[in-house]
> 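Take this structure, written in C-alpha coordinates, and hold onto it; I'll ask about it next.
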Amino acid sequence: MKKLLIVLCVLVLCSCGFKPMFTGNSSDIYVKPISGINGIELRNALNAQFGGQKNPGAEYALMIKLSEPKTKYKALEQTGNATWQEIILRAEYTLYRDDVEIARGVETASESYTFVRYLVAANASYNSAVQNTILVLADKIGTRVIAETVKHSGDNK
(Lines give C-alpha, C1' and ligand atoms only; values in the text may rest on other atoms or scores of the structure.)
Protein backbone atom coordinates (compact mmCIF):
# COMPACT_ATOMS: atom_id res chain seq x y z
CA MET A 1 0.00 0.00 0.00
CA LYS A 2 2.83 2.41 0.92
CA LYS A 3 4.67 1.64 -2.31
CA LEU A 4 1.57 2.34 -4.36
CA LEU A 5 1.05 5.65 -2.57
CA ILE A 6 4.66 6.66 -3.19
CA VAL A 7 4.40 5.78 -6.88
CA LEU A 8 1.16 7.78 -7.18
CA CYS A 9 2.75 10.80 -5.48
CA VAL A 10 5.74 10.66 -7.84
CA LEU A 11 3.44 10.43 -10.87
CA VAL A 12 1.31 13.34 -9.69
CA LEU A 13 4.37 15.51 -9.02
CA CYS A 14 5.89 14.69 -12.40
CA SER A 15 2.69 15.41 -14.27
CA CYS A 16 2.03 18.77 -12.60
CA GLY A 17 5.32 20.31 -13.76
CA PHE A 18 7.01 20.11 -10.36
CA LYS A 19 10.73 20.76 -10.69
CA PRO A 20 12.94 20.30 -7.63
CA MET A 21 14.95 23.39 -6.69
CA PHE A 22 18.03 21.39 -5.78
CA THR A 23 18.83 19.18 -8.76
CA GLY A 24 22.46 18.55 -7.95
CA ASN A 25 23.65 21.02 -10.56
CA SER A 26 26.11 23.65 -9.55
CA SER A 27 24.94 27.25 -9.54
CA ASP A 28 26.88 30.03 -11.23
CA ILE A 29 27.18 32.14 -8.06
CA TYR A 30 30.33 34.00 -7.10
CA VAL A 31 30.55 34.61 -3.35
CA LYS A 32 32.55 37.77 -2.80
CA PRO A 33 35.21 37.59 -0.06
CA ILE A 34 33.84 38.16 3.44
CA SER A 35 36.07 39.80 6.03
CA GLY A 36 37.33 37.96 9.09
CA ILE A 37 38.01 34.34 9.92
CA ASN A 38 34.31 33.62 10.36
CA GLY A 39 33.71 35.26 6.99
CA ILE A 40 36.18 32.90 5.35
CA GLU A 41 34.40 29.93 6.92
CA LEU A 42 30.99 31.22 5.79
CA ARG A 43 32.26 31.81 2.25
CA ASN A 44 33.75 28.30 2.10
CA ALA A 45 30.48 26.76 3.31
CA LEU A 46 28.48 28.71 0.72
CA ASN A 47 30.88 27.82 -2.10
CA ALA A 48 30.53 24.15 -1.16
CA GLN A 49 26.76 24.52 -1.25
CA PHE A 50 26.84 26.21 -4.67
CA GLY A 51 29.03 23.55 -6.27
CA GLY A 52 32.49 25.01 -5.80
CA GLN A 53 34.18 28.37 -6.00
CA LYS A 54 33.32 30.43 -9.09
CA ASN A 55 35.18 33.27 -10.75
CA PRO A 56 34.17 36.94 -10.40
CA GLY A 57 32.56 36.86 -13.87
CA ALA A 58 29.80 34.47 -12.79
CA GLU A 59 26.19 35.25 -13.68
CA TYR A 60 25.29 35.88 -10.03
CA ALA A 61 27.33 37.58 -7.33
CA LEU A 62 26.61 37.33 -3.61
CA MET A 63 27.88 39.99 -1.22
CA ILE A 64 27.67 39.35 2.53
CA LYS A 65 28.36 41.54 5.53
CA LEU A 66 28.87 39.33 8.58
CA SER A 67 28.67 40.77 12.08
CA GLU A 68 30.99 39.76 14.89
CA PRO A 69 29.58 36.98 17.10
CA LYS A 70 27.56 38.27 20.04
CA THR A 71 27.22 36.31 23.24
CA LYS A 72 24.41 36.31 25.77
CA TYR A 73 24.27 34.63 29.15
CA LYS A 74 21.58 31.95 29.23
CA ALA A 75 21.97 30.44 32.70
CA LEU A 76 23.58 31.58 35.90
CA GLU A 77 24.52 29.70 39.04
CA GLN A 78 23.55 31.08 42.45
CA THR A 79 27.08 32.43 42.71
CA GLY A 80 26.52 34.55 39.60
CA ASN A 81 28.82 32.50 37.37
CA ALA A 82 27.55 31.79 33.87
CA THR A 83 26.99 28.15 32.90
CA TRP A 84 25.36 28.57 29.47
CA GLN A 85 25.93 31.17 26.81
CA GLU A 86 24.45 31.76 23.39
CA ILE A 87 26.34 32.78 20.24
CA ILE A 88 24.42 34.93 17.75
CA LEU A 89 25.63 35.68 14.23
CA ARG A 90 23.90 38.08 11.82
CA ALA A 91 24.55 38.35 8.10
CA GLU A 92 23.21 40.90 5.63
CA TYR A 93 23.35 39.67 2.05
CA THR A 94 22.72 41.09 -1.40
CA LEU A 95 22.41 39.02 -4.56
CA TYR A 96 23.28 40.55 -7.92
CA ARG A 97 22.64 39.29 -11.42
CA ASP A 98 24.88 41.01 -13.93
CA ASP A 99 25.45 43.93 -11.51
CA VAL A 100 21.69 44.41 -10.93
CA GLU A 101 20.41 43.75 -7.40
CA ILE A 102 17.75 41.06 -7.45
CA ALA A 103 17.48 40.16 -3.76
CA ARG A 104 18.62 41.23 -0.34
CA GLY A 105 17.97 40.03 3.16
CA VAL A 106 19.18 39.46 6.69
CA GLU A 107 19.66 36.10 8.35
CA THR A 108 20.55 35.28 11.93
CA ALA A 109 21.58 32.04 13.55
CA SER A 110 22.40 31.13 17.12
CA GLU A 111 23.55 28.25 19.24
CA SER A 112 23.89 27.74 22.96
CA TYR A 113 26.97 26.21 24.51
CA THR A 114 28.25 25.23 27.93
CA PHE A 115 30.48 27.81 29.50
CA VAL A 116 32.97 26.18 31.83
CA ARG A 117 35.72 27.59 34.05
CA TYR A 118 38.56 25.78 32.31
CA LEU A 119 39.98 28.03 29.63
CA VAL A 120 40.80 25.36 27.03
CA ALA A 121 37.41 23.67 27.37
CA ALA A 122 35.59 27.01 27.30
CA ASN A 123 37.41 28.04 24.11
CA ALA A 124 36.70 24.69 22.46
CA SER A 125 33.02 24.93 23.36
CA TYR A 126 32.82 28.50 22.06
CA ASN A 127 34.63 27.69 18.79
CA SER A 128 32.40 24.68 18.17
CA ALA A 129 29.28 26.81 18.72
CA VAL A 130 30.57 29.46 16.29
CA GLN A 131 31.32 26.83 13.62
CA ASN A 132 27.88 25.28 13.99
CA THR A 133 26.25 28.71 13.79
CA ILE A 134 28.18 29.51 10.60
CA LEU A 135 26.93 26.28 8.99
CA VAL A 136 23.32 27.08 9.91
CA LEU A 137 23.76 30.59 8.53
CA ALA A 138 25.21 29.18 5.30
CA ASP A 139 22.24 26.84 4.91
CA LYS A 140 19.75 29.66 5.43
CA ILE A 141 21.46 32.06 3.04
CA GLY A 142 22.19 29.34 0.48
CA THR A 143 18.57 28.20 0.36
CA ARG A 144 17.27 31.73 -0.17
CA VAL A 145 19.90 32.54 -2.79
CA ILE A 146 19.24 29.36 -4.77
CA ALA A 147 15.50 30.08 -4.65
CA GLU A 148 16.15 33.55 -6.08
CA THR A 149 18.41 32.22 -8.84
CA VAL A 150 15.77 29.65 -9.82
CA LYS A 151 13.12 32.37 -9.84
CA HIS A 152 15.24 34.63 -12.05
CA SER A 153 16.73 31.91 -14.28
CA GLY A 154 13.85 32.24 -16.77
CA ASP A 155 14.23 36.02 -17.05
CA ASN A 156 15.89 37.51 -20.09
CA LYS A 157 19.06 39.43 -19.41
Side-chain angles (χ1 to χ4, degrees), residues 13 18-155 157:
L13 287 176
F18 172 77
K19 180 181 169 190
M21 190 167 57
F22 296 100
T23 59
N25 298 334
S26 64
S27 301
D28 194 20
I29 302 169
Y30 171 67
V31 181
K32 294 182 179 184
I34 308 167
S35 64
I37 293 173
N38 294 331
I40 293 169
E41 294 293 329
L42 178 60
R43 184 173 188 240
N44 289 340
L46 286 167
N47 280 330
Q49 201 170 22
F50 298 149
Q53 187 170 342
K54 304 297 187 285
N55 64 23
E59 182 178 2
Y60 298 96
L62 180 62
M63 186 178 76
I64 298 175
K65 181 182 175 190
L66 183 65
S67 69
E68 288 296 317
K70 294 184 180 175
T71 57
K72 287 178 22 180
Y73 294 120
K74 298 290 282 186
L76 298 174
E77 294 177 336
Q78 289 179 342
T79 60
N81 294 331
T83 57
W84 282 91
Q85 288 188 343
E86 180 181 31
I87 289 287
I88 303 166
L89 278 173
R90 182 178 190 267
E92 298 175 28
Y93 66 91
T94 308
L95 180 64
Y96 297 93
R97 181 179 186 192
D98 299 326
D99 297 326
V100 176
E101 181 182 315
I102 61 171
R104 79 175 29 235
V106 176
E107 289 293 341
T108 58
S110 65
E111 181 164 321
S112 296
Y113 67 98
T114 304
F115 184 74
V116 294
R117 293 182 189 173
Y118 303 107
L119 184 60
V120 173
N123 284 340
S125 185
Y126 171 84
N127 290 337
S128 178
V130 169
Q131 291 301 315
N132 291 339
T133 305
I134 287 171
L135 293 176
V136 170
L137 206 53
D139 283 342
K140 287 180 162 186
I141 293 171
T143 301
R144 291 191 182 269
V145 166
I146 289 174
E148 287 296 328
T149 60
V150 169
K151 185 167 80 173
H152 287 86
S153 66
D155 295 350
K157 290 184 180 181

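Note that these values count all heavy atoms, side chains included, but never hydrogens, waters or copies made by symmetry.
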> Give me each pair satisfying salt bridge (charged side-chain N to carboxylate O under 4.0 Å, His left out) with a member in residues 119-144, each pair once, sequence neighbours excluded.
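Matches after skipping sequence neighbours: Glu107-Arg144.
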
> Distance alone, cut at 3.5 Å: any donor-acceptor contact between the side chains of Ser110 and Glu86?
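Ser110 vs Glu86: donor-acceptor pair found between side chains.
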
> Test side chain to side chain contact (heavy atoms under 4.5 Å, CB included) on Leu62 and Tyr30; report intermediate values, then the result.
CA-CA 6 Å; Leu62 180 62; Tyr30 171 67; over 6 Å; no

> With sequence neighbours left out, write down each residue that passes side chain to side chain contact (heavy atoms under 4.5 Å, CB included) with Asn38, or none if nothing qualifies.
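Scan of Asn38 (side chain to side chain contact (heavy atoms under 4.5 Å, CB included), adjacent residues dropped) gives Leu66, Pro69, Val130, Ile134.
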
> Listed by chain and number, what are the side chain to side chain donor-acceptor pair (under 3.5 Å) partners of Glu41, not counting sequence neighbours?
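Result, side chain to side chain donor-acceptor pair (under 3.5 Å) vs Glu41: none returned.
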
> The criterion is side chain to side chain contact (heavy atoms under 4.5 Å, CB included); which residues satisfy it with Ser128, sequence neighbours excluded?
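If we apply the side chain to side chain contact (heavy atoms under 4.5 Å, CB included) test to Ser128, skipping adjacent residues, the hits are Asn132.
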
> At their closest point, which heavy atom of Leu137 faces which heavy atom of Ala91, and how far apart are they?
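Here Leu137 and Ala91 meet closest at CD2-CB, 3.9 Å.
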
> Considering non-hydrogen atoms only, spot the tightest contact between Tyr126 and Ile87 and give its length.
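Closest heavy-atom pair between Tyr126 and Ile87: CE1-CD1, 3.0 Å.
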
> For Arg43 versus Gln53, what's the shortest heavy-atom pair and its separation?
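Nearest heavy atoms, Arg43 then Gln53: NH2-NE2, 3.6 Å.
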
> Between atom CE of Met63 and atom CZ of Arg104, what is the distance when rounded to the nearest 0.5 Å?
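The CZ atom of Arg104 is 7.0 Å from CE of Met63, to the nearest 0.5 Å.
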
> Supply the atom-to-atom distance Glu101 CD to Tyr96 OH, rounded to the nearest 0.5 angstrom.
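Nearest 0.5 Å value for the CD-OH distance: 5.5 Å.
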
> Among all residues two or more places apart in sequence or in another chain, which pass the side chain to side chain donor-acceptor pair (under 3.5 Å) test with Glu92?
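In terms of side chain to side chain donor-acceptor pair (under 3.5 Å), with neighbours along the sequence ignored, Glu92 is linked to Arg90.
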
> Could you state the interatomic distance from CG (Leu46) to CG (Leu135), rounded to the nearest 0.5 Å?
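Answer for the CG-CG pair, Leu46 versus Leu135, is 10.0 Å.
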
> Which residues pass the side chain to side chain donor-acceptor pair (under 3.5 Å) test with Tyr93, not counting sequence neighbours?
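Tyr93 satisfies side chain to side chain donor-acceptor pair (under 3.5 Å) with no residue once adjacent residues are dropped.
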
> Taking side chain as C-beta onward, heavy atoms only, is Lys54 less than 4.5 Å from Ile29?
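Not in contact.
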
> Taking all heavy atoms of Thr149 and all of Tyr60, pick out the closest pair and write down the distance.
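Looks like O-OH, 3.4 Å.
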
> What residues form a side chain to side chain donor-acceptor pair (under 3.5 Å) with Asn123, not counting sequence neighbours?
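Counting only residues at least two positions away or on another chain, Asn123 forms no side chain to side chain donor-acceptor pair (under 3.5 Å).
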
> Could I get the full list of side chain to side chain contact (heavy atoms under 4.5 Å, CB included) partners for Ala124, not counting sequence neighbours?
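Checked Ala124 against side chain to side chain contact (heavy atoms under 4.5 Å, CB included); zero matches.
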
> In chain order, what residues pass the side chain to side chain contact (heavy atoms under 4.5 Å, CB included) check against Ala103, with sequence neighbours excluded?
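Once residues adjacent in sequence are excluded, the partners of Ala103 under the side chain to side chain contact (heavy atoms under 4.5 Å, CB included) criterion are Leu95, Glu148.
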
